[in-house]
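One structure is given here, and the rest of the page talks about it.
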Amino acid sequence: MLKTLGAQVGEFKKDSFLTPVFMVLEVLMETIIPLMMASIIDNGVEAGSIRHIFFMGFMMIVAAGFSLFAGAMGGRYGARASTGFARNLRRTMYENIQTFSFSNIDRFSTAGLVTRLTTDVTNLQNAYQMILRMCVRAPISLVCAMFMAFFISPRLATIYLIAVVILGVILAFLTVKAHHYFSQVFPKYDDLNASVQENVSAIRVVKAYVREDYEKKKFTDASKSLYHMFIKAESVIAFNSPVMQITVYSCIIAISWLGAKMIVGGTLTTGEMMSLLTYCMNIMMSLMMLSMIFVMITMSIASAQRICEVINETSDITNPAHPEYTVADGSIEFSHVTFRYNQNSAKPVLDDITLSIKAGETIGIIGGTGSSKSSLVNLISRLYDVSDGAILVGGKDVRSYDLDTLRNQVAVVLQNNVLFSGTIYENLRWGDKNATDEECRRACRLACADEFIERFPDGYDTYIEQGGTNVSGGQKQRLCIARALLKKPKILILDDSTSAVDTATDAKIRRAFAEEIPDTTRLIIAQRISSVQNADRIIVLNNGVLDGFGTHEELLATNEIYRDVYESQTQGSGDFDEGGAA
């Protein structure tokens with residue numbers, strides 16, 4: 001873990017080095033000042049030397065000024081180092097998340113990743129600044145003050161030593177105890193963030209179904225669980241302050257009592273007594289700082305572990321050693337493909353799929369809910385990797401291609417359409433960042449999106465809200481199709497992506513595809529038979545098994561599931577799940 005986090009210091013090594021250097025200088029000046037004060041009392045006040053008082057007073061001012069400068073510079077460099085460290089952590093996590101395959105992403109919840117990028121990084125940022133400043137300052141100050149105390153009076157300094165040992169044992173016990181609770185706190189943050197994220201993103205549905213009270217209760221329960229966990233953690237931490245206070249005042253009383261007797265006995269001067277009390281406060285303040293550091297580090301250890309999980313997560317899908325950079329055509333071949341989301345699952349999601357698709361064909365894919373239609377097409381662009389068998393695109397195994405090359409030639413319009421905040425032009429250029437305005441408009445004509453875009457007052461410069469909340473489901477689907485077409489792919493996958501458009505528009509889109517992109521292989525997942533019956537061939541999936549593969553007429557004659565669904569939809573307006581493939 002330390003190696004992972006240390007690598008994120010990066011270009012802020014200089015700042016991370018200078019911060020403790022200035023902290024040490026500040027402590028040295030603060031250690032000298034009590035000696036000067038003792039000299040003023042013993043050699044100035046008691047000896048009646050005004051000159052000595054002025055000289056030592058001037059030196060104290062110089063030392064205090066240098067201490068102030070060192071402290072300010074330490075704060076400046078510490079702030080740069082800690083904020084830079086936090087920036088690098090966020091950047092490294094975010095960049096690594098971009099490399100994740102779908103299976104990697106499945107291991108982390110969206111809310112969990114957000115918490116790691118925000119709350120956990122902030123905890124680590126604060127802890128890092130504390131380590132650079134307080135974690136250097138406190139021990140150095142403690143050691144210097146202890147050394148000077150032993151130099152003045154070993155007998156009285158022994159009181160400090162005993163107090164430090166006792167407090168060290170107590171703090172170690174509290175640290176272990178508190179870490180147990182803090183390690184459970186942050187998953188509770190994930191639950192709370194998940195509740196908020198889900199509620200805000202689906203606020204229209206919440207209001208439509210009048211579920212505000214239910215959502216409030218769900219949020220309250222998540223918040224209450226976090227509250228109780230923090231109470232347990234803070235209850236342990238709370239012992240820190242009274243223990244520290246008892247120790248501080250006990251030391252002051254013991255030193256004052258013993259010191260007074262030593263002054264009377266002539267073995268200690270008044271100035272030395274004043275210095276010892278000052279060093280006592282320095283030591284106790286150092287211990288207070290260490291206790292604050294212990295609280296911060298106890299919290300940050302749990303955060304550090306969660307951050308390292310993301311940074312050290314390696315993608316299940318990587319480029320081969322010598323990748324192919326050219327996809328010959330859009331032909332697809334499944335050769336005895338078996339797929340499991342969890343490799344330990346007894347039953348596969350897809351079982352022994354074998355089929356061959358020619359370049360330029362239009363292939364329909366139908367099947368009941370849960371029949372693994374989306375899983376089948378996700379394997380083509382290596383969003384997941386097969387468990388057994390092989391998938392060939394352009395005559396070569398997809399695992400032999402450079403990932404970017406493969407995915408640039410396989411355009412996917414997923415079941416859950418996503419638009420980003422920005423103009424329509426900006427959203428379309430996700431397909432091709434260099435696309436001209438005319439190319440964007442042409443793609444929209446093919447996707448039948450131009451008809452509603454031109455009705456907007458700002459046309460293609462219309463601003464799309466986050467998630468596409470200011471356009472309808474059908475409009476969102478057509479914009480996503482246009483975006484995919486701009487990639488000029490060799491394979492186009494439409495995963496139930498015309499479900500929100502009317503049948504007439506669906507027919508126009510399919511006709512435009514046939515006329516405008518005849519060389520592109522088109523895979524169309526649909527629930528409506530009418531969306532796929534004119535395809536060159538149709539795949540029928542049933543519970544992850546290839547139940548049929550042929551033309552519309554062939555399947556009507558030979559496939560019972562397809563025939564039942566066709567009859568239910570043409571005669572009774574049913575959908576696929578009302579047919580025989582449940």
Side-chain angles (χ1 to χ4, degrees), residues 18-78 133-134 136-164 167 244-245 247-290 292:
L18 288 176
T19 301
V21 168
F22 279 110
M23 289 295 101
V24 170
L25 291 175
E26 182 185 21
V27 169
L28 290 176
M29 292 301 103
E30 290 178 354
T31 304
I32 294 172
I33 288 174
L35 284 179
M36 295 178 177
M37 184 173 63
S39 180
I40 288 175
I41 294 172
D42 293 336
N43 302 319
V45 176
E46 293 186 356
S49 175
I50 297 295
R51 181 180 178 184
H52 185 79
I53 293 173
F54 276 116
F55 175 75
M56 294 309 297
F58 174 75
M59 294 305 294
M60 284 181 67
I61 292 173
V62 172
F66 195 79
S67 176
L68 177 64
F69 170 77
M73 294 303 292
R76 178 189 176 192
Y77 285 115
R133 299 184 63 197
M134 300 305 172
V136 171
R137 174 189 169 84
I140 296 294
S141 179
L142 180 68
V143 170
C144 288
M146 189 72 75
F147 175 81
M148 296 306 298
F150 269 98
F151 177 76
I152 293 171
S153 174
R155 182 182 176 188
L156 292 180
T158 304
I159 297 172
Y160 301 148
L161 187 60
I162 294 171
V164 169
L167 280 174
M244 290 296 305
Q245 294 296 330
T247 306
V248 169
Y249 292 119
S250 296
C251 285
I252 291 174
I253 292 169
I255 289 170
S256 298
W257 182 65
L258 290 174
K261 294 180 71 174
M262 291 174 69
I263 290 173
V264 172
T267 57
L268 191 72
T269 67
T270 304
E272 289 173 336
M273 176 65 178
M274 293 295 296
S275 295
L276 281 171
L277 286 174
T278 303
Y279 288 131
C280 174
M281 292 308 299
N282 283 355
I283 290 170
M284 295 304 113
M285 286 301 296
S286 297
L287 289 173
M288 288 290 287
M289 288 181 198
L290 286 173
M292 291 170 58

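Computed over heavy atoms, backbone and side chain alike; hydrogens, waters and symmetry mates excluded.
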Can you give me the closest heavy-atom contact between [X] and [Y], atom names plus distance?
X      : Y      : answer
Thr19  : Gly78  : OG1-N, 3.0 Å
Met60  : Ile40  : SD-CD1, 3.5 Å
Met262 : Ser153 : CE-OG, 3.6 Å
Glu30  : Ser67  : CG-OG, 3.6 Å
Ala70  : Glu26  : CB-N, 3.8 Å
Ala63  : Ile33  : CB-CG1, 4.0 Å

### Query
Angle class for the Phe66/Phe69 ring planes (parallel below 30°, perpendicular above 60°, tilted otherwise)?
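Plane angle between 30° and 60°, so tilted.
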### Message
Students often mix this up, so state it plainly: with edges at 30° and 60°, are the rings of Phe22 and Tyr77 parallel, tilted or perpendicular?
### Response
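Aromatic pair Phe22/Tyr77 classed parallel.
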### Query
Does atom CZ of Phe150 have more than 12 heavy-atom neighbours from other groups under 6.0 Å away?
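More than 12 heavy atoms, drawn from other residues, nucleotides or ligands, come within 6.0 Å of this atom.
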For the [atom1] atom of [X] and the [atom2] atom of [Y], what is their distance to the nearest 0.5 Å?
X      : Y      : atom1 : atom2 : answer
Ile159 : Ile253 : CD1   : CD1   : 11.0 Å
Ile61  : Met59  : CD1   : CE    : 11.0 Å
Phe55  : Ile50  : CZ    : CD1   : 15.5 Å
Met23  : Leu18  : CE    : CG    : 11.0 Å

### Message
Do Met73 and Leu25 have side chains that approach each other closer than 4.5 Å (heavy atoms only, starting at C-beta)?
### Response
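Result no, sub-4.5 Å side-chain heavy-atom pair not found.
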